[in-house]
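Please read the structure below before turning to the comments.
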Amino acid sequence: TPAGLFAPEMVAAGLRLAFVRNEVVIDGHSALQAGYIGRHGCRLSLFRIPGLGFALDFGMSSEGDLLQASWAGDGVQFFLVARSMDEARFAFLAGVLKSVSEGGGRQEQEMIAGLEMMRQPCIG
């Protein structure tokens with residue numbers, strides 16, 4: 001795992017870290033990607049783009065089976081993407097990951113540990 005990568009443990013939510021890529025380019029910017037998979041077909045990717053110096057409010061969108069969330073702060077932008085995931089589950093995961101990206105302390109780690117209530121198969 002590259003130094004400084006934001007790739008939290010989400011086993012409690014039924015997702016395990018499958019890969020980390022540090023040579024991803026999004027809209028001309030270098031990014032880090034953490035890819036997660038679940039036992040029941042869930043796929044989730046978290047992208048971290050350093051060096052963007054603007055704040056971005058939390059936003060979510062969906063198009064067909066594609067769900068996206070984005071937020072930024074302290075010169076880092078995050079994108080979360082999933083396909084065929086329950087929208088409520090995705091929204092909860094995105095909210096927790098946003099909180100973790102802003103703090104990184106014990107409270108956030110406890111939030112991730114509490115994700116078990118959102119453990120469910122993806123829509124398939």
Side-chain angles (χ1 to χ4, degrees):
T1 303
L5 176 66
F6 174 73
E9 183 65 49
M10 293 196 293
V11 172
L15 299 166
R16 69 172 177 82
L17 184 63
F19 63 86
V20 173
R21 291 191 180 116
N22 62 356
E23 296 182 13
V24 177
V25 177
I26 297 177
D27 200 24
H29 299 279
S30 295
L32 300 171
Q33 178 187 10
Y36 297 88
I37 60 171
R39 289 186 347 194
H40 303 290
C42 292
R43 302 264 189 267
L44 184 83
S45 283
L46 177 64
F47 297 91
R48 180 181 188 272
I49 306 172
L52 297 180
F54 58 90
L56 176 70
D57 290 334
F58 181 78
M60 266 188 52
S61 64
S62 64
E63 186 176 317
D65 70 343
L66 179 67
L67 298 166
Q68 301 176 7
S70 59
W71 64 94
D74 294 330
V76 179
Q77 187 167 3
F78 295 94
F79 291 103
L80 185 66
V81 180
R83 288 196 181 276
S84 303
M85 183 177 281
D86 175 78
E87 196 166 338
R89 179 184 189 200
F90 180 80
F92 185 82
L93 289 170
V96 169
L97 290 172
K98 179 184 183 298
S99 179
V100 170
S101 72
E102 294 169 340
R106 181 177 171 86
Q107 179 182 5
E108 287 79 11
Q109 293 304 318
E110 289 171 2
M111 289 173 70
I112 289 177
L115 290 174
E116 190 161 6
M117 66 185 230
M118 296 306 289
R119 190 178 198 154
Q120 57 185 279
C122 280
I123 302 166

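No experiment lies behind these values; they were computed from the predicted model shown. All residue numbers in this chain count up from 1 along the given sequence.
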Inset, instruction - Report the distance from atom CD of Glu63 to atom CZ of Arg83, rounding to the nearest 0.5 Å. - result: 9.0 Å

Legend entry - Ile49 versus Ser30, closest heavy-atom pair with distance: CG2-O, 3.6 Å

Inset, instruction - Following the transitive rule for hydrophobic clusters with a side-chain heavy-atom cut-off under 4.5 Å over Ile, Leu, Val, Met, Phe, Trp and Tyr, establish whether Val24 and Phe19 coincide in one cluster. - result: no

Legend entry - Closest contact, heavy atoms only, Phe58 versus Ala94: CZ-CB, 3.8 Å

Legend entry - Contact summary for Phe90 and Val81, nearest pair of heavy atoms: CE1-C, 4.2 Å

Inset, instruction - Calculate, to the nearest 0.5 Å, the distance between atoms CZ and OG belonging to Arg43 and Ser45 respectively. - result: 9.5 Å

Inset, instruction - Measure the CZ-CD distance between Phe47 and Gln77 for me, rounded to the nearest 0.5 Å. - result: 12.0 Å

Inset, instruction - Check whether Val20 and Leu15 end up in the same hydrophobic cluster, where Ile, Leu, Val, Met, Phe, Trp and Tyr are linked by side-chain heavy atoms less than 4.5 Å apart. - result: yes

Inset, instruction - Output yes when a side-chain donor or acceptor of Arg21 lies under 3.5 Å from a complementary backbone atom of Gly35, and no otherwise. - result: no

Legend entry - Value rounded to 0.5 Å, distance of CD in Gln68 from CG in Leu80: 9.5 Å

Legend entry - Leu97 CG to Leu44 CG distance, which is reported to the nearest 0.5 Å: 7.0 Å

Inset, instruction - Please lay out, stage by stage, how Val96 and Met10 fare under the test side chain to side chain contact (heavy atoms under 4.5 Å, CB included). - result: CA-CA 10 Å; Val96 169; Met10 293 196 293; over 6 Å; no

Inset, instruction - First locate atom OG of Ser70, then atom NZ of Lys98, and finally report the distance between them rounded to the nearest 0.5 Å. - result: 10.5 Å

Inset, instruction - Answer yes if Leu32 and Ile37 sit in the same cluster of Ile, Leu, Val, Met, Phe, Trp and Tyr residues linked by side chain heavy atoms under 4.5 Å apart, and no otherwise. - result: no

